[in-house]
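Owing to the predicted nature of the structure, the values given are computational and were not obtained by experimental measurement. In this chain, numbering begins with 1 at the start of the sequence shown. Just so you know, ligand 1 is whichever comes first in the structure, and atom 1 is the first atom listed for that ligand.
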Amino acid sequence: MVQISTLFSGLAAASTASAAFRNVIYFDQYHTAVLPNNSLTNGVTHVITAFANSSYFVGGSTMGDYTPFLPLDEVRALFSNGTKVCMAIGGWGDLDGFRAGALSNASRSAYASNVASTLTRLGYDCIDVDWEYPGGNGYDYKQVPNSDLTAELNTYPLLLGAIKAAIGSSKELSIAVPGLERDMIAFTADTVPSINAAVDFVNVMTYDLMNRRDTATKHHTDVNGSLATVEAYIANGMDPAKMNLGLAFYAKYFTLAANTTCTDGPIGCPIALAEDAEGQDTGASGAQTFEQSSLPVEVSSASLVATTDGTCGAANSFTCTGASFGGCCSQYGYCGATSVYCDTGCQSAYGTCSTTATKSVAESFADALTNGTEDVLRGGQWWVDDEAGLFWTWDTASIIARKFTDIIEAKGLGGIMAWSLAEDSYNWSHLEAMQEGVANLAANMTTALKRRQ
Ligand SMILES: *[C@@H]1O[C@H](CO)[C@@H](O)[C@H](O)[C@H]1NC(C)=O
Ligand SMILES: *[C@@H]1O[C@H](CO)[C@@H](O)[C@H](O)[C@H]1NC(C)=O
Ligand SMILES: *[C@@H]1O[C@H](CO)[C@@H](O)[C@H](O)[C@H]1NC(C)=O
Ligand SMILES: *[C@@H]1O[C@H](CO)[C@@H](O)[C@H](O)[C@H]1NC(C)=O
Ligand SMILES: *[C@@H]1O[C@H](CO)[C@@H](O)[C@H](O)[C@H]1NC(C)=O
Ligand SMILES: *[C@@H]1O[C@H](CO)[C@@H](O)[C@H](O)[C@H]1NC(C)=O
Ligand SMILES: *[C@@H]1O[C@H](CO)[C@@H](O)[C@H](O)[C@H]1NC(C)=O
Ligand SMILES: *[C@@H]1O[C@H](CO)[C@@H](O)[C@H](O)[C@H]1NC(C)=O
Ligand SMILES: *[C@@H]1O[C@H](CO)[C@@H](O)[C@H](O)[C@H]1NC(C)=O
């Protein structure tokens with residue numbers, strides 16, 4: 001009965017942390033229109049507002065006065081009394097402030113002290129450092145080679161230590177860390193122990209496990225892939241009780257390579273080039289949130305108006321048809337005539353599209369949600385749209401439930417985390433699954449403790 005001892009050690013490990021199981025959600029500034037009521041957010045322990053620019057804290061002329069995108073009393077009102085409100089700094093594409101702040105003893109103490117004074121000034125309870133990523137593989141990896149950043153393997157833990165010392169024990173320090181092993185450059189067996197010692201908890205970004213730098217399909221946030229990420233951190237010395245497993249409240253899509261049908265399942269189908277030689281997005285892939293606005297809207301042709309400024313789409317009902325800007329309306333709402341406008345994502349309701357793009361991303365997404373299937377072996381939902389030539393990968397409520405047992409419980413993790421709150425506003429099914437998982441886990445812990453008394 002191997003399972004019994006495995007289960008018991010999992011429960012034992014988790015139960016030591018169960019008193020303070022973390023239920024963490026990011027709240028990003030781009031999704032604030034539709035917000036959940038308090039019954040859906042009840043029990044959330046930390047909400048992390050995202051993002052403050054990392055350059056604010058370097059000091060000098062770039063310091064400025066960071067203003068949260070929503071006053072913190074309004075953020076607090078969305079949650080239970082006692083929910084901690086944390087400030088995330090950085091995020092994808094924001095590296096300058098971290099690089100400057102980490103450089104030397106002097107810059108690290110200035111940075112840490114500016115972080116601490118900003119938390120106090122604004123009334124935040126905690127700070128989340130989203131450096132994507134120390135050591136390299138960031139958005140500019142083609143311009144700044146990883147070999148130029150090796151010093152960050154030492155300076156990143158030192159910066160974290162300086163921040164923790166400056167904010168003190170009454171405020172928590174967390175970090176967001178990469179999901180893919182290829183990006184864990186600064187998270188080795190040598191560095192993880194000092195990172196682990198500096199932080200209160202770790203938000204593991206177990207999503208985007210397939211991204212635009214890949215060449216073949218796989219799930220972006222499946223059970224198996226998420227488990228592999230967590231195991232890699234544990235192997236390098238991260239304390240499981242400090243880790244929060246990351247959930248994605250969005251789906252991802254990738255354009256399949258020409259003539260690919262993907263009949264053998266979700267893994268390994270070749271995709272079209274999604275990132276160019278300069279590291280730029282080619283437009284062949286993207287993310288679709290679980291919001292009403294991600295799904296198709298009925299467009300009556302009578303309501304369309306010829307574009308006056310080259311923009312198009314649902315926001316202004318402008319059509320590109322007959323426009324001097326080009327006749328295709330891109331997924332981002334601009335008229336043009338090249339493949340960026342006319343192929344993947346082209347909105348046929350607001351112009352013409354190339355014959356290979358007969359369907360919008362929103363239409364394809366709606367079909368994916370209806371027709372998707374679960375890869376039970378790996379724990380990932382997926383679908384191939386042959387008509388649009390797209391591969392879709394996302395999480396369902398039942399897969400989220402599996403993550404609680406197969407990863408959090410099995411590995412004794414100390415929390416769950418999701419990116420991000422209002423990206424699930426279509427019907428809140430992912431947020432509800434997360435809340436149910438936390439409740440089930442708590443109930444199991446109580447049962448396990450009773451049995452052992
Ligand atoms: C909160 O929102 C959910 C989902 O929209 C809804 O089912 C529920 O009735 C709401 N609860 C309250 C107290 O308004
Ligand atoms: C939350 O705290 C406020 C102010 O302290 C109080 O008025 C309110 O009743 C509390 N709400 C709950 C649900 O405990
Ligand atoms: C952050 O601020 C710096 C300095 O003002 C600016 O150059 C940079 O573009 C900003 N980064 C982001 C991601 O907004
Ligand atoms: C930087 O700080 C470390 C540890 O706090 C110390 O050992 C080192 O001497 C300092 N270096 C300089 C140049 O001040
Ligand atoms: C699960 O993940 C592991 C580690 O990445 C991998 O070796 C294994 O093949 C995966 N299992 C399946 C069924 O894909
Ligand atoms: C791939 O598909 C295109 C049409 O999209 C067709 O012209 C071409 O012959 C196909 N190539 C192969 C190798 O099947
Ligand atoms: C999706 O499934 C429905 C039936 O549930 C079917 O009518 C429809 O054709 C399917 N759509 C696609 C694009 O496969
Ligand atoms: C909620 O939306 C998801 C898609 O995000 C869908 O799969 C699910 O069936 C919906 N649930 C309900 C109760 O409508
Ligand atoms: C809790 O216990 C139930 C019943 O034993 C089990 O099915 C489930 O996987 C356990 N874990 C969670 C997180 O619900």
Side-chain angles (χ1 to χ4, degrees), residues 28-30 34 36 40 50-67 69 88-101 114 130-132 138-140 179-182 184 206 209-210 216-219 221-235 247-251 264-268 287-295 362 365-383 392-400 402 406-407 410 418 422-434 436:
D28 79 79
Q29 66 207 76
Y30 306 107
V34 185
L40 287 162
F51 285 108
N53 187 318
S54 70
S55 293
Y56 278 118
F57 311 98
V58 176
S61 59
T62 63
M63 177 68 186
D65 278 337
Y66 170 63
T67 309
F69 62 88
I89 63 179
W92 183 254
D94 178 9
L95 289 163
D96 294 351
F98 291 133
R99 285 178 181 163
N114 290 335
D130 283 39
W131 180 341
E132 299 180 21
Y139 82 101
D140 63 353
L180 283 170
E181 278 197 70
R182 69 179 181 228
M184 296 180 196
T206 33
L209 301 179
M210 175 178 181
T217 60
K218 58 179 168 156
H219 299 293
T221 183
D222 60 329
V223 174
N224 191 53
S226 300
L227 184 59
T229 302
V230 163
E231 285 176 339
Y233 281 108
I234 293 173
L247 302 176
F249 287 177
Y250 58 88
D264 291 340
I267 308 297
Q288 206 77 345
T289 60
F290 299 109
E291 292 176 281
Q292 187 67 55
S293 58
S294 299
L295 294 163
F365 186 42
D367 283 344
L369 290 177
T370 318
N371 297 25
T373 49
E374 184 170 332
D375 173 353
V376 176
L377 179 64
R378 299 177 188 85
Q381 189 82 358
W382 69 288
W383 192 60
W392 287 94
T393 160
W394 72 102
D395 232 357
T396 60
S398 70
I399 295 169
I400 289 173
R402 258 182 79 178
D406 296 7
I407 306 176
E423 295 194 5
D424 196 38
S425 65
Y426 175 62
N427 65 14
W428 306 110
S429 60
H430 300 84
L431 179 59
E432 272 175 358
M434 178 175 169
E436 267 173 43

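Between L209 and T229, the closest side-chain pair of non-hydrogen atoms falls below 4.5 Å. Looking only at side-chain heavy atoms (C-beta outward), L369 and W394 come within less than 4.5 Å of each other.
Between F290 and F365, the angle of the ring planes lies from 30° to 60°, which puts this pair in the tilted group.
Here is the list of ligand 3 atoms found below 4.0 Å of a heavy atom in N53: 1 (C), 2 (O), 3 (C), 8 (C), 10 (C), 11 (N), 12 (C), 14 (O). Near L377, meaning under 4.0 Å from any of its heavy atoms, are these atoms of ligand 5: 13 (C). Residue R378 has at least one heavy-atom neighbour below 4.0 Å for each of these atoms of ligand 5: 12 (C), 13 (C), 14 (O). Close approach of ligand 5 to A228 is summarised as follows: ligand atoms under 4.0 Å from at least one heavy atom of the residue are 4 (C), 5 (O). Near N224, meaning under 4.0 Å from one of its heavy atoms, ligand 5 places the atoms 1 (C), 2 (O), 3 (C), 8 (C), 10 (C), 11 (N), 12 (C), 14 (O).
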Hey, what polar pairs (N/O, under 3.5 Å) does ligand 8 make with protein?
residue	atom	partner	partner atom	Å
ligand 8	2 (O)	N427	OD1	3.2
ligand 8	2 (O)	N427	ND2	2.4
ligand 8	11 (N)	N427	ND2	2.8
ligand 8	14 (O)	N427	ND2	3.2

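In the model, S55 has no side-chain atom that pairs as donor or acceptor with a side-chain atom of D96 under 3.5 Å.
Counted within 6.0 Å of CG on D264, heavy atoms from surrounding residues, nucleotides or ligands total 12 or fewer; the atom is thus considered open. For Y30, the OH atom sits in a loose shell: 12 or fewer heavy atoms of surrounding residues, nucleotides or ligands are nearer than 6.0 Å.
Although no hydrogens or angles enter the test, the distance criterion places no donor-acceptor pair under 3.5 Å between the side chain of D130 and the main chain of A88. Looking only at distances, a side-chain donor or acceptor of Q288 sits under 3.5 Å from a matching main-chain atom of S294.
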